[in-house]
Amino acid sequence: MSAAARDLEDMVEECPADSNEAGWAGVCQGCPGKELCLSQGSQPDPEQQVIDTRLGAIRHKVLVLSGKGGVGKSTMAVLLAQILAGEGQRVGLLDVDVCGPSIPHLLGVEDQPVLDSQWGWQPVVSPLGKIKTLSVGSLLSSQSQAVVWKGPRKTALIRRMIKDTLWGRLDTLVVDTPPGTSDEHLTIVRLLATTRPSGAVILTSPQRLAAGVVSREIRFCQKMNVPVLGIIENMSGFCCPCCSEVSEVFPGGAGAHLAEKYRVPLLGAVPLDLGLAEAGVSCGWRDSPVAQAVRDMVAKIKEKL
Amino acid sequence: MGIKTLVSSRRSVKDCPGTNSQDAGKADACAGCPNQQVCASGAAAAPDPDLAVVRERLASVKNKVLVLSGKGGVGKSTVSAMLGRALALDDSKEVGILDIDICGPSQPRVLGAAEEKVHSSGAGWSPVYVSDNLAVMSIGFLLNSADDAVIWRGPKKNGMIKQFLRDVDWGALDYLVVDTPPGTSDEHLSIVQYLSAAPPVAAVVVTTPQEVALLDVRKEITFCRKVNIPIIGLVENMTTFVCPKCKTKTAIFPATTGGGPQLAEDTGVPLLGQLPLDPRVAQACDEGTNILTQEPDAAVTQAYKDIANKIKEYCEAQSQEAT
């Protein structure tokens with residue numbers, strides 16, 4: 001391989017964006033992100049105390065991550081929140097997916113605005129379990145409005161969603177994330193750094209292609225010292241409503257493969273459920289085949305918290 | 001001691017005026033943005049000299065097709081690879097696939113090139129050839145380990161995309177299919193900015209039938225219109241699943257609000273096709289094999305070929321209009 005391609009490989013490997021060297025290291029010369037890293041990295045955050053106070057009133061913070069899109073992070077975040085709320089916990093659900101916020105739709109609060117007071121934003125309360133929730137979706141004037149923002153602006157909004165939001169005392173804050181390992185993920189992990197996230201639940205679909213992407217997310221957690229509570233394999237099998245034959249719609253067995261490779265627990269496998277997909281999480285899901293699988297997984301997650 | 005109305009919170013979501021706009025750094029929406037000072041100083045508005053380099057590099061690429069969605073997991077990478085393969089079935093055409101999903105690059109595996117590495121010469125970086133007339137470039141080829149996390153913020157991702165466009169030596173291509181990550185953010189703004197300097201470019205938008213996907217896809221269509229990227233059409237993926245035992249068709253992701261066809265009608269975008277959910281496609285993508293040649297009689301194979309033909313017809317019509 002030529003010198004130029006080898007240099008590029010080194011640059012890709014060594015980016016120190018999340019360390020004290022961000023912007024200062026030799027490899028940063030010529031990088032377009034250098035100025036941003038220099039401005040964000042070096043000084044202590046003056047607002048950290050406010051952030052820590054807000055987060056100090058929240059006992060457990062559980063991140064729902066994947067890296068891969070479309071594996072059911074938002075759906076699982078809502079199910080997790082509903083089950084915990086059903087057990088009497090005070091639960092919040094924060095949606096940091098700025099470009100594709102799904103939580104308002106899944107919680108049935110699409111038409112409810114976020115109220116702004118002098119003490120901060122009041123999260124919307126979902127009737128499905130009295131869950132306090134905040135999403136950029138609740139801040140849009142129209143659901144087809146596209147939020148076309150670059151990284152720094154998404155970062156600033158996510159900070160406000162923690163710092164300026166009246167979450168109050170909560171037992172558990174579930175955080176739904178977008179796919180990837182970028183601004184949103186770095187921001188939320190940094191915000192939680194001093195008060196420590198309780199851990200991350202990692203979603204995958206059974207496909208090996210998904211495993212390839214999700215493995216990067218597991219490595220992200222390891223790198224950022226976020227404990228991995230376990231892996232959930234979603235869309236694992238489909239039961240034909242006509243003949244009850246269980247088929248592998250997305251063959252691969254990625255959940256077990258990842259659990260073994262990275263030595264993290266496999267919390268369980270959740271089948272594709274027509275009832276859940278059709279009705280949404282708002283009604284009827286509690287009797288579905290998914291429900292028991294998810295309840296078992298929540299029990300395991302609670303043991304680790 | 002009152003409660004201000006929701007207007008002030010919705011104002012915080014007002015759009016960035018754009019780093020090149022006259023209002024950059026000065027608009028209401030700029031207050032509180034970490035980039036405000038940079039924009040206000042005018043530094044961000046200087047014309048990018050690399051635009052001209054990209055334009056020159058892409059001058060030999062006849063048609064650029066962006067595969068977008070907004071929603072994750074609808075099959076953008078699968079559709080990009082299948083369309084690339086379908087277009088390349090015609091030996092006389094040269095096809096390239098550019099994977100700009102920096103955090104979750106899928107194309108090396110989907111195209112069976114996961115172990116390949118990129119080589120560089122005086123003419124630039126050589127893309128990886130998966131067949132005589134199908135080439136691909138992805139950050140996946142540049143990573144030493146298959147599971148290294150690429151934890152980059154926006155500006156660095158933009159820099160990588162620019163390098164791909166500036167330095168990859170595609171040669172003369174009839175079609176360049178660009179696989180994008182989910183969302184409407186840095187990568188999308190970046191690719192649109194650079195490709196708009198080297199027209200023609202058009203988009204194919206992928207969705208699945210359920211409303212939670214359509215929510216994001218509507219935003220993506222709004223995005224395309226806002227940045228003046230013409231939309232060739234909408235592809236609905238995973239429409240129905242055929243039980244291998246009893247052959248009953250089930251809509252696993254039910255179109256409770258009309259799915260792709262209704263969205264196409266509502267937004268005035270042509271519906272290019274509806275792809276069934278065939279587990280053999282997922283398996284082929286995992287293994288890096290070409291289902292179009294392995295299962296030539298499968299319904300999904302014909303569906304992909306039909307969509308590819310419609311894209312070809314669109315591109316030919318556009319180039320005839322231009323001349």
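In what follows, every chain begins at residue 1, and chains take the letters A, B, ... in the order their sequences are listed.
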In terms of heavy-atom pairs under 4.5 Å, which option from B:Pro105, B:Ala114, B:Cys285 contacts chain A the most? B:Pro105
Which one, B:Gly288, B:Cys246, B:Gly104, leads in non-hydrogen pairs under 4.5 Å with chain A? B:Cys246
Side-chain heavy-atom pair A:Ser102, B:Leu215 within 4.5 angstrom cut-off: no
Atom CD of A:Gln222: over 12 foreign heavy atoms under 6.0 Å: yes
Working to the nearest 0.5 Å, report the span between CZ of A:Arg219 and CD1 of B:Ile151. 9.5 Å
Under 4.5 Å from any heavy atom of chain B - which part of A:Lys73: neither
Determine yes or no for a side-chain-to-main-chain donor-acceptor pair under 3.5 angstrom, with B:Asp286 supplying the side chain and A:Leu209 the backbone. yes
For atom NZ of A:Lys261, decide whether the heavy atoms of other residues, nucleotides or ligands shown that lie under 6.0 angstrom number more than 12. yes
Heavy-atom contact with chain B under 4.5 Å, split by part of A:Pro206: neither
Tell me, do B:Phe241 and A:Leu272 make a side-chain contact under 4.5 Å, heavy atoms counted? no
Sole residue of B:Arg153, B:Lys157, B:Lys156 in side chain to side chain donor-acceptor pair (under 3.5 Å) with A:Ser182: B:Lys157
Step by step, would you call B:Asp186 with A:Asp183 a side chain to side chain contact (heavy atoms under 4.5 Å, CB included)? CA-CA 10 Å; B:Asp186 296 85; A:Asp183 297 86; 4.2 Å; yes
Residue among B:Asp167, B:Thr250, B:Thr184 with most heavy-atom pairs under 4.5 Å to chain A: B:Thr184
Is A:Gln207 close to chain B through its backbone or its side chain, or both, or neither, when contacts mean heavy atoms under 4.5 Å? both
Toward chain B, the part of A:Val71 with a non-hydrogen atom under 4.5 Å: neither
Determine, stepwise, if the pair A:Met235 / B:Ile252 fulfils side chain to side chain contact (heavy atoms under 4.5 Å, CB included). CA-CA 10 Å; A:Met235 306 199 205; B:Ile252 291 191; over 6 Å; no
Please look at A:Pro179 and chain B and tell me whether the side chain, the backbone, both or neither of the residue comes under 4.5 angstrom of a heavy atom of that chain. side chain
Quick one: of A:Val98, A:Val249, A:Asp164, A:Ile218, who has the most non-hydrogen atom pairs under 4.5 Å with chain B? A:Val249
Quick check on A:Ser205 against chain B: is it the side chain, the backbone, both or neither that has a heavy atom closer than 4.5 Å? neither
Partner chain A: residue of B:Cys103, B:Ala255, B:Ser106 with the largest heavy-atom pair count (under 4.5 Å): B:Cys103
Using a cut-off of under 4.5 Å on heavy-atom pairs, state which of A:Ser247, A:Gly67, A:Ala211 scores highest against chain B. A:Ser247
Could you look at A:Phe220 and say if it's the side chain, the backbone, both or neither that has a heavy atom under 4.5 Å from chain B? both
